[in-house]
Amino acid sequence: MVKLLTLKILLSFDTDQHRIGRSLFIRAMGLIYLIAIASWWSQAIILVGENGLAPSGKFLELADAQLSEVGRSSFLAVPNIFWWVGASNLSLHIACGIGTILAVLVVIGRFAGPSLIGLWIIYLSLLNTGGIFMSFQWDILLLEAGFMACFLTDWKWHTRWKNPPTLNFVNRVTLVWSWLLIGKLMFFSGWVKLAWATPTFTEWWPEHTAMTYHYMTQPIPTWTSWWAHQLPEWFQKASIWPMYFIELILPFFILFGRFGRLTAALGFIALMFLILLTGNYTYFNWLTIALCLPLVNDRDWPHWLREKLKLKKPIKRERLSRRSLIIQLSCTAPTFLLALLLNLQIVLNDLHQAPLPLLKKDFTPNWLDQLRASIASFHIASGYGLFRTMSTDRPEIIFEGSRDGLTWHAYDFLWKPDQLDERPRFVAPHQPRVAWQLWFAALEREFSYQSRNAGWIEGLVLKILNGDQGFHRLLRHNPFPNQPPKFIRARLFLYEFTSCVERNQTGDWWKRKASGMYIAPVSLPPSS
């Protein structure tokens with residue numbers, strides 16, 4: 001009975017007719033892992049290395065001491081391989097190097113299954129030791145999608161490009177899982193824009209003014225952002241409605257057969273390309289596009305692609321024996337059940353805890369809340385809600401150095417707006433994480449030791465004062481190339497895009513006004 005019911009559900013979704021989408025998705029995951037790991041590798045030492053801004057080794061030592069006091073397993077609380085190999089610079093390099101090799105293997109279709117498991121373990125380790133620099137929703141989305149991909153891939157030593165292999169029973173169950181993942185991501189990205197609105201915050205999406213601020217206030221704008229910001233207000237307000245349709249309505253199209261899923265995929269991809277064209281959101285847009293690929297039925301891919309891939313119909317539909325079904329279910333059913341329970345808890349919890357909840361009552365039992373909390377650090381399933389709020393202004397932290405405390409010279413950081421005449425650039429899919437984190441720190445308006453940013457900002461100031469050579473890699477211009485300054489301060493400025501008229505007159509992309517002191521002048525203590 002279970003066999004017949006399960007197969008009937010899978011057949012009704014045509015899950016055996018997504019060979020091209022599955023093949024492209026797996027290779028896309030390898031490419032995105034490659035981008036994510038290479039991007040992190042290029043800055044890991046300055047961020048979390050032995051002498052980094054937030055050393056992962058010191059974090060693990062502190063975490064181990066605190067967890068030992070309460071009798072908790074260090075690995076289960078903070079799962080990562082660095083507990084055993086140490087969090088040295090060499091270990092970071094080796095982990096990123098191995099991850100790069102495994103990602104290439106997935107892209108070329110060699111040992112994809114074992115490689116995806118290795119990539120998930122490595123990226124989980126990098127995330128759990130990356131601290132605040134690895135605290136973004138796309139990082140946990142990559143882990144959730146990467147975990148799922150381990151069950152969707154073809155577990156053979158060589159996965160061919162041409163005539164992609166058929167999906168087995170486990171692949172077909174996981175295919176439905178992938179549909180639910182992209183649906184969850186998109187729906188809750190729209191849901192939070194409405195459900196978290198309160199009268200206290202006038203920048204919320206329900207006032208329909210969010211896009212009048214978005215292009216200017218996003219973390220790392222592009223030159224196309226400047227042009228998009230110049231569009232008339234009526235257009236900015238009107239552009240919200242297609243977005244709501246894509247994020248709140250199209251996810252339900254996934255349930256309505258082949259053409260419903262194709263429509264959803266095209267809508268999601270269109271939205272991601274629009275975001276790509278007007279902002280630097282790392283590899284997030286590409287990862288979301290990759291998650292759309294399994295939605296597309298083999299018959300809906302362009303004819304030229306099907307011809308190039310030499311897609312042939314299977315001689316006959318896979319016949320699943322009772323013994324094979326039992327073996328596959330015994331190996332994978334616990335994982336599928338766990339993922340289902342975790343996602344159920346996430347959905348019910350998010351629909352209940354919003355300021356404007358859809359569910360007035362909490363339907364999640366305590367044991368399910370405890371289950372999610374106990375394994376949350378593995379990031380098997382997560383909640384999402386991108387662009388939940390919209391900032392209405394753009395504070396920027398400008399670090400300045402001085403040798404006499406009277407004359408100050410500004411540091412120009414890579415990728416963040418500093419110089420008014422500097423054209424905003426594209427940097428995605430690379431994520432310059434210091435520039436991103438400085439954007440978050442600026443929103444706090446002043447330095448505070450209660451902030452999550454306090455530790456690494458303090459480390460940054462010390463590196464400037466000590467003339468740290470590694471620190472120079474974060475800069476476009478260092479006003480003290482030979483000898484470090486004696487004093488450092490950080491001022492807060494409010495930046496705005498210039499208008500077309502202002503830019504024609506001055507050539508500047510930005511204008512700004514002073515808004516106070518983020519860090520008052522500080523210096524190193526006198527040497528004894």
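Predicted, not measured: the structure shown is a model, and the values here were computed from it. Positions are given from 1, in the same order as the sequence printed here.
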> What's the shortest heavy-atom distance between His229 and Gln236, and which atoms?
Replying inline: O-NE2, 3.8 Å
> Once you round to the nearest 0.5 Å, how far does OG1 of Thr222 lie from OH of Tyr215?
Replying inline: 10.0 Å
>> I need the minimum non-hydrogen distance between Ser135 and Arg452, along with the two atoms involved.
In response: CB-NH2, 4.0 Å
>> Whether the side chain of Arg394 engages the backbone of Trp439 through a donor-acceptor N/O pair (distance < 3.5 Å, no angle test) should be reported.
In response: no
> Hey, does Phe187 have a side-chain heavy atom less than 4.5 Å from the side chain of Leu248?
Replying inline: yes
>> Given 3.5 Å as the limit, does a donor-acceptor pair link the side chain of Arg110 with the main chain of Ile108, or not?
In response: yes
> Would you call Leu142 and Met29 a side-chain contact if the rule is heavy atoms closer than 4.5 Å?
Replying inline: yes
>> Set out, in order, the CA-CA distance, both residues' side-chain angles and the distance that settles side-chain hydrogen bond (donor to acceptor under 3.5 Å, both in side chains) for Thr335 and Thr332, then state yes or no.
In response: CA-CA 5 Å; Thr335 301; Thr332 59; over 6 Å; no
>> Ignoring hydrogens, what is the shortest heavy-atom contact between Leu311 and Pro164? Give both atom names and the distance.
In response: CD1-CD, 3.8 Å
> Would a line drawn from the ring center of His430 to the ring center of Trp415 be shorter than 6.0 Å?
Replying inline: no
> For Asn128 and Ser377, which heavy atoms make the closest approach, and how far apart are they?
Replying inline: ND2-O, 3.2 Å
> Are any of the side-chain heavy atoms of Thr288 and Ile182 separated by less than 4.5 Å?
Replying inline: yes
>> Rounded at 0.5 Å granularity, tell me how far CG in Leu127 sits from CD1 in Ile140.
In response: 8.0 Å
>> Are the side chains of Leu124 and Phe147 in contact, using a 4.5 Å heavy-atom criterion?
In response: no
> If you look at every heavy atom in Thr153 and Ala112, which pair is closest and at what distance?
Replying inline: OG1-CB, 3.5 Å
> What class does the angle between the rings of Trp286 and Phe273 fall in, given that below 30° is parallel, 30 to 60° is tilted and above 60° is perpendicular?
Replying inline: perpendicular
>> Check whether Thr129 reaches the backbone of Ser56 with its side chain - one donor and one acceptor, N or O, closer than 3.5 Å.
In response: no
> Say you draw a straight line from OG1 of Thr100 to NE2 of His93; how long is it, rounded to the nearest 0.5 Å?
Replying inline: 12.0 Å
> Are Arg19 and Trp301 in a cation-pi setup, meaning NZ or CZ lies under 6.0 angstrom from the ring centre and within 45 degrees of the ring axis?
Replying inline: no
>> Less than 4.5 Å apart, side chain to side chain, heavy atoms only: is that true for Arg258 and Gln17?
In response: no
>> If we ignore hydrogens and angles and just use 3.5 Å, is the side chain of Glu144 paired with the main-chain N or O of Leu141 as donor and acceptor?
In response: no
>> So, taking the atom named CE in Met211 and the one named OG1 in Thr278, what distance separates them when rounded to the nearest 0.5 Å?
In response: 6.5 Å
>> The test is side-chain contact (heavy atoms from CB on, under 4.5 Å); show your working for Gln431 and Trp138 and say whether it passes.
In response: CA-CA 11 Å; Gln431 181 178 3; Trp138 37 86; 3.1 Å; yes
>> Could you walk me through whether Leu474 and Leu414 satisfy the side-chain contact (heavy atoms from CB on, under 4.5 Å) test, starting with their C-alpha distance in whole Å, then the side-chain angles of each, then the deciding distance to 0.1 Å, before giving a yes or no?
In response: CA-CA 6 Å; Leu474 302 174; Leu414 283 168; 5.8 Å; no
> Is a donor on one side and an acceptor on the other found under 3.5 Å between the side chain of Arg22 and the backbone of Pro165?
Replying inline: yes
> To the nearest 0.5 Å, what is the distance between NE2 (His18) and CG (Asp300)?
Replying inline: 8.5 Å
> Just wondering, do Val106 and Tyr33 contact through their side chains at under 4.5 Å, heavy atoms?
Replying inline: no
>> Run the side-chain contact (heavy atoms from CB on, under 4.5 Å) test on Leu295 and Phe25 for me, step by step, so that the C-alpha distance in whole Å, both residues' side-chain angles and the decisive distance to 0.1 Å come before the verdict.
In response: CA-CA 10 Å; Leu295 290 170; Phe25 169 72; over 6 Å; no
> Does the Thr174 side chain pair with the main chain of Trp177, one donor and one acceptor, at a distance under 3.5 Å?
Replying inline: no
>> Please determine whether the number of non-hydrogen atoms from other residues, nucleotides or ligands lying under 6.0 Å from atom CZ of Phe235 exceeds 12.
In response: no
> In this structure, which one of Asp369, Asp350, Thr364 forms a side-chain hydrogen bond (donor to acceptor under 3.5 Å, both in side chains) with Gln345?
Replying inline: Asp369
> In Å and rounded to the nearest 0.5 Å, what is the CD1 to CG distance from Ile254 to Leu180?
Replying inline: 7.5 Å
> Stepwise, does the ring-ring contact (aromatic ring centres under 6.0 Å, His included) test hold for Phe136 with Phe284?
Replying inline: CA-CA 10 Å; Phe136 298 92; Phe284 164 69; over 10 Å; no
>> Between Ser189 and Gly385 (side chain of the first, backbone of the second, donor and acceptor by atom type, cut-off under 3.5 Å), is there such a pair?
In response: no
>> Could you report the tightest heavy-atom contact between Ala290 and Pro294, atom names first, then the distance?
In response: O-CD, 3.4 Å
>> Before we go on, tell me: are the rings of Trp84 and Phe75 under 6.0 Å apart, centre to centre?
In response: yes
> By salt bridge (Lys or Arg N to Asp or Glu O under 4.0 Å), which residues pair with Arg372, not counting sequence neighbours?
Replying inline: none
> Do Met134 and Trp40 come close enough that some side-chain heavy atom pair is under 4.5 Å?
Replying inline: yes
>> Main chain of Leu143, side chain of Trp120: is a donor-acceptor contact present, judged purely on distance under 3.5 Å?
In response: yes
>> Counting only heavy atoms not in Arg473 (residues, nucleotides, ligands), do more than 12 fall under 6.0 Å from its CZ?
In response: no
> Is there a donor-acceptor contact under 3.5 Å from the side chain of Asp298 to the main chain of Ile20?
Replying inline: yes
>> Going by side-chain contact (heavy atoms from CB on, under 4.5 Å), Asp154 matches just one of Leu167, Thr159, Ile26. Which one?
In response: Thr159
> Would Trp223 and Phe426 satisfy side-chain contact (heavy atoms from CB on, under 4.5 Å), going step by step from the backbone distance to the final call?
Replying inline: CA-CA 8 Å; Trp223 61 268; Phe426 283 93; 3.4 Å; yes
> Would you say Leu24 and Val296 make side-chain contact, with heavy atoms under 4.5 Å?
Replying inline: no
>> Between Thr209 (side chain only) and Thr212 (backbone N and O only), is there a donor and an acceptor less than 3.5 Å apart?
In response: no
